[in-house]
Amino acid sequence: LHQKSLQEQIQHWVTVIEGGEFGEGSMNSFWKTDYEAYEQLLLLGSPAVPYIHKLLNGDLKQDTRYILERVLRDIEP
């Protein structure tokens with residue numbers, strides 16, 4: 001995954017949040033997957049901010065939007 005471009009990495013994690021890596025119905029997997037995605041997006045740091053802002057202007061599930069907004073709050077000073 002780290003060999004992909006920054007934009008592709010961000011899109012990957014947003015797709016994971018939107019669809020869940022483990023499918024519908026598993027709350028434990030849901031929280032684990034979302035937290036992992038949050039951590040990975042956070043590790044991408046400030047270079048990811050413009051891409052995340054662009055995604056927030058699009059059509060996202062409310063949970064995805066919340067996680068991305070949280071990532072931005074934690075990245076930006």
Side-chain angles (χ1 to χ4, degrees):
L1 183 63
H2 294 289
Q3 295 174 356
K4 294 185 177 188
S5 73
L6 180 62
Q7 190 170 0
E8 289 172 318
Q9 291 180 58
I10 293 167
Q11 189 58 57
H12 167 79
W13 290 114
V14 167
T15 301
V16 167
I17 296 166
E18 289 274 290
E21 210 168 46
F22 301 98
E24 300 277 332
S26 175
M27 241 356 191
N28 190 27
S29 297
F30 169 79
W31 289 112
K32 181 181 178 215
T33 302
D34 284 356
Y35 186 75
E36 180 185 2
Y38 161 80
E39 280 188 322
Q40 294 301 315
L41 287 167
L42 199 58
L43 288 173
L44 295 175
S46 57
V49 169
Y51 296 111
I52 293 173
H53 277 298
K54 185 176 179 182
L55 286 169
L56 284 169
N57 288 330
D59 185 30
L60 298 171
K61 292 180 181 177
Q62 191 58 39
D63 289 341
T64 306
R65 187 170 298 283
Y66 172 78
I67 291 167
L68 292 179
E69 287 169 351
R70 182 64 196 221
V71 168
L72 288 178
R73 278 196 303 271
D74 292 344
I75 289 176
E76 295 177 326

In Å and rounded to the nearest 0.5 Å, what is the [atom1] to [atom2] distance from [X] to [Y]?
X: Lys4; Y: Gln11; atom1: NZ; atom2: CD; answer: 10.0 Å
X: Arg70; Y: Asp34; atom1: CZ; atom2: CG; answer: 14.0 Å
X: Gln40; Y: Leu43; atom1: CD; atom2: CG; answer: 5.5 Å
X: Gln7; Y: His12; atom1: CD; atom2: NE2; answer: 15.0 Å
X: Leu68; Y: Asp63; atom1: CG; atom2: CG; answer: 11.0 Å

Item to complete: Check for a donor-acceptor pair, side chain of Glu18 on one end and backbone N or O of Lys61 on the other, with a separation under 3.5 Å.
Response: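 Yes; at least one donor-acceptor contact below 3.5 Å.
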
Write down the atom of [X], the atom of [Y], and the distance for their closest heavy-atom approach.
X: Leu6; Y: Pro47; value: CD2-O, 3.3 Å
X: Leu55; Y: Val14; value: CD1-CG2, 3.6 Å
X: Leu56; Y: Arg65; value: O-NH1, 2.6 Å
X: Leu41; Y: Ile75; value: O-CD1, 4.0 Å

Verify same cluster id: [X], [Y] (apolar side-chain graph, 4.5 Å):
X: Tyr66; Y: Val16; value: yes
X: Tyr35; Y: Leu72; value: yes
X: Ile17; Y: Leu42; value: yes

Practice prompt. Find out whether Trp13 and Ile67 are in side-chain contact, i.e. whether some heavy atom of one side chain is under 4.5 Å from a heavy atom of the other.
Written response: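 With C-beta onward as the side chain, the pair stays apart.
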
Discussion item. Check this for me: Asp59, atom CG, are more than 12 non-hydrogen atoms of other residues, nucleotides or ligands nearer than 6.0 Å?
Written reply: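 Counting neighbours around CG of Asp59, 12 or fewer heavy atoms of other residues, nucleotides or ligands fall under 6.0 Å, so no.
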
